[in-house]
Amino acid sequence: MSAYPSREIAFVPYPLWVKTASGSPVEAALTEQIHYFAERALVVEEHEANIALSDPAIKTVNVYSLLKMLRLSSLFTPNSFLEKIETFCDFMVDRAQRELSVVIPPEHVSHFKKFARCEITNADNKRRLFRRLWKKVSPKVIFYSNGMYGAESPSIIAARELGIVTVECQHGMVYNNHYAYQCSDVMLQDRRFTDLYPEYCLTFGPWWSEKIQIPAKKRTVGYPYLDRKVAEHRATEKKVIFFVPTGKTYQAFFDLACTVAKAFPNEHCVIRPHPVERELAARLAPGVQDILETDLSPSEYTMLARAHTVVGDMSTVLFTAIPFVDNIFSWLSPATEAFLGGDNPFTTFKSVDELFQLLEKRSSSSSCAELQSKLFVDGWKNNYNKFLLEDVGLSE
């Protein structure tokens, strides 16, 4: 491992990327922070492609090839250990069927066992790799965008052994039923488990902090990526009712949007499919293009800037719409109730008639201001600097 510059701050982005309109990959959870702290930071990449970051001040190191080589260690695992993994996997499959009535197909079970064998047997080798890296870089703090899921535990353990502060940055929506962010009291009392987690979790706002039970200390700092999107998409004339279904609900929302478009001919209705249903959307669009526009653009923010109302179920867009629109309505389907339950922060409807009533009474001034302050606090740069000063011991 060659010499790397000593940096106070390290970032470990999640190795899944969203393509921007320009075609360059962007990691929404950490992009703004990486640029803001560029002179003091090192970005550690664990995926094959390099991050397309335009700032020459940003230093990166890619450990993908090393991690790939370490996977060979799973080929030399003692049989006794493999038997334990097999037993554990069989236990989980049986528990899923008995407790949840979920039958996992045999091919999925086989894939899971291979994955578990590779990841578990490789964990200590990954820990040693990251321990060497962190000793060379000597960061005071490491920010992860995926620290709560377990995949980064070897890196986190290595950092904790060296006294480095570890931090998860909230990267999306987290709820009471998001298993990665819900730990039992027994788990929280066991250091063997809690040491696998980052020491801190930085959330978008107090609403999210209240929804999670994790061993990390919670701090509210705001949502840097959303702040930039709001600044880039200045308010325009609000003329759009924007429908934003989640995956596998497009047909129902398409029918709903067409019904609304016919009942409110003076409104401009637009529907944006979930990425997994773009093919279906493209097939349905030509037949209704005179009353319903289909938004297939790379980003939802342009349309949010034009919308006065957003209609969805439990889509992430409902939350990111808060700084943009006056009215957000959530379709109370069984899936929505199962996912958000009693914590749905939006005005809900169960039928077309109820939605019609909401649209007729819609507000012309923002009714989301109070909700926004709970979900997304202001001043992320000041909040990050305060965290670095008070919790990490770094000055600006």
Side-chain angles (χ1 to χ4, degrees), residues 18-21 229-230 232-337 339-340 344-368 371:
V18 178
K19 293 287 185 179
T20 63
K229 288 301 178 181
V230 172
E232 289 177 350
H233 296 81
R234 299 296 180 184
T236 58
E237 192 173 2
K238 301 286 189 176
K239 291 186 175 181
V240 170
I241 301 176
F242 193 24
F243 293 85
V244 287
T246 47
K248 306 303 181 182
T249 63
Y250 187 80
Q251 183 68 63
F253 267 92
F254 176 82
D255 295 340
L256 177 67
C258 289
T259 302
V260 170
K262 292 172 183 175
F264 295 85
N266 294 326
E267 298 284 2
H268 181 189
C269 292
V270 180
I271 186 167
R272 179 180 178 84
H274 187 276
V276 301
E277 294 197 291
R278 290 203 163 203
E279 272 190 35
L280 174 61
R283 289 200 306 270
L284 295 175
V288 295
Q289 57 190 8
D290 56 330
I291 62 170
L292 179 64
E293 178 184 347
T294 302
D295 177 25
L296 298 175
S297 63
S299 169
E300 71 270 18
Y301 291 102
T302 299
M303 199 59 67
L304 284 176
R306 296 172 53 195
H308 59 67
T309 299
V310 170
V311 181
D313 45 8
M314 53 187 179
S315 170
T316 300
V317 182
L318 292 184
F319 291 92
T320 54
I322 290 172
F324 293 92
V325 305
D326 299 329
N327 308 276
I328 301 175
F329 303 140
S330 173
W331 195 353
L332 208 55
S333 65
T336 307
E337 291 190 278
F339 198 63
L340 291 174
N344 193 327
F346 306 109
T347 302
T348 61
F349 67 93
K350 289 186 176 180
S351 66
V352 174
D353 288 340
E354 288 183 9
L355 177 58
F356 281 3
Q357 293 174 18
L358 291 173
L359 291 172
E360 289 166 353
K361 297 176 182 178
R362 66 179 177 82
S363 172
S364 58
S365 61
S366 179
S367 58
C368 295
L371 183 58

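Everything numeric in this text was worked out from a predicted model, so none of it was measured.
Ring geometry, Tyr301 versus His233: the interplanar angle falls from 30° to 60°, so the pair is classed tilted. In this structure, Phe349 and Trp331 have parallel ring planes: the angle between them is below the 30° cut-off, well short of the 60° mark.
How far NZ of Lys229 is from OG of Ser299: 5.0 Å, rounded to the nearest 0.5 Å. Between atom OH of residue Tyr250 and atom CG of residue Leu284 there is a gap of 6.0 Å, rounded to the nearest 0.5 Å. To the nearest 0.5 Å, atom CG of residue Leu355 and atom CD of residue Glu360 are 9.5 Å apart. For the atom pair CD1 of Ile328 and CG of Leu358, the computed distance is 13.0 Å after rounding to the nearest 0.5 Å. Taking CD1 of Ile291 as the reference point, atom CZ of Phe264 lies at 13.5 Å (rounded to 0.5 Å). Note that CD of Glu232 and OG1 of Thr302 are 9.5 Å apart. Values are rounded to the nearest 0.5 Å.
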Evaluate the criterion side-chain contact (heavy atoms from CB on, under 4.5 Å) for residue pair Ile322 and Thr320; output intermediate values, then yes/no.
CA-CA 5 Å; Ile322 290 172; Thr320 54; over 6 Å; no

Would Arg306 and Lys238 count as a side-chain contact (heavy atoms from CB on, under 4.5 Å) if you check the C-alpha gap in whole Å, the side-chain angles of each, and the deciding distance to 0.1 Å?
CA-CA 5 Å; Arg306 296 172 53 195; Lys238 301 286 189 176; over 6 Å; no

Show your reasoning for whether side-chain contact (heavy atoms from CB on, under 4.5 Å) applies to Val230 and Phe324.
CA-CA 7 Å; Val230 172; Phe324 293 92; 3.7 Å; yes

Derivation and outcome, side-chain contact (heavy atoms from CB on, under 4.5 Å), residues Val310 and Asn327
CA-CA 6 Å; Val310 170; Asn327 308 276; over 6 Å; no

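A distance-only check finds no donor-acceptor pair linking the side chain of Glu277 to the backbone of Gly247 [under 3.5 Å].
In this structure the side chain of Leu359 reaches within 4.5 angstrom of the side chain of Thr309, judged on heavy atoms. Side-chain contact check for Arg272 versus Arg278: some heavy-atom pair is nearer than 4.5 Å. Contact check for Val325 versus His308: no side-chain heavy atoms found under the 4.5 Å cut-off. Counting heavy atoms from C-beta outward, Leu292 and Val270 have side chains that stay 4.5 Å or more apart. Side-chain contact between Leu304 and Val240: absent, with no pair of heavy atoms (C-beta onward) separated by less than 4.5 Å. Side-chain contact check for Phe356 versus Val260: some heavy-atom pair is nearer than 4.5 Å. Side chains of Thr336 and Ser330 form a contact here, defined as non-hydrogen atoms less than 4.5 Å apart.
Side chains of Ser297 and Asp295: a donor on one and an acceptor on the other come within 3.5 Å. Side chains of Asp313 and Ser333: no donor on one and acceptor on the other come within 3.5 Å. Asp255 and Gln251 are linked by a side-chain donor-acceptor pair at a separation below 3.5 angstrom, with hydrogens and angles left out of the test.
Nearest heavy atoms, Phe253 versus Gly312: CZ-C, 3.4 Å. Residues Val352 and Thr259 share a closest heavy-atom pair of CG1-CG2, 3.9 Å. Between Cys269 and Ala261, the shortest heavy-atom distance links the atoms SG-CA, 3.7 Å.
For Phe243 and Phe254, the distance between ring centers is not under 6.0 angstrom.
Heavy atoms of other residues, nucleotides or ligands lying less than 6.0 angstrom from CD of Glu237 number 12 at most.
A salt bridge links Arg362 with Glu267: the distance from a Lys NZ or Arg NE/NH1/NH2 to an Asp or Glu carboxylate oxygen falls below 4.0 Å.
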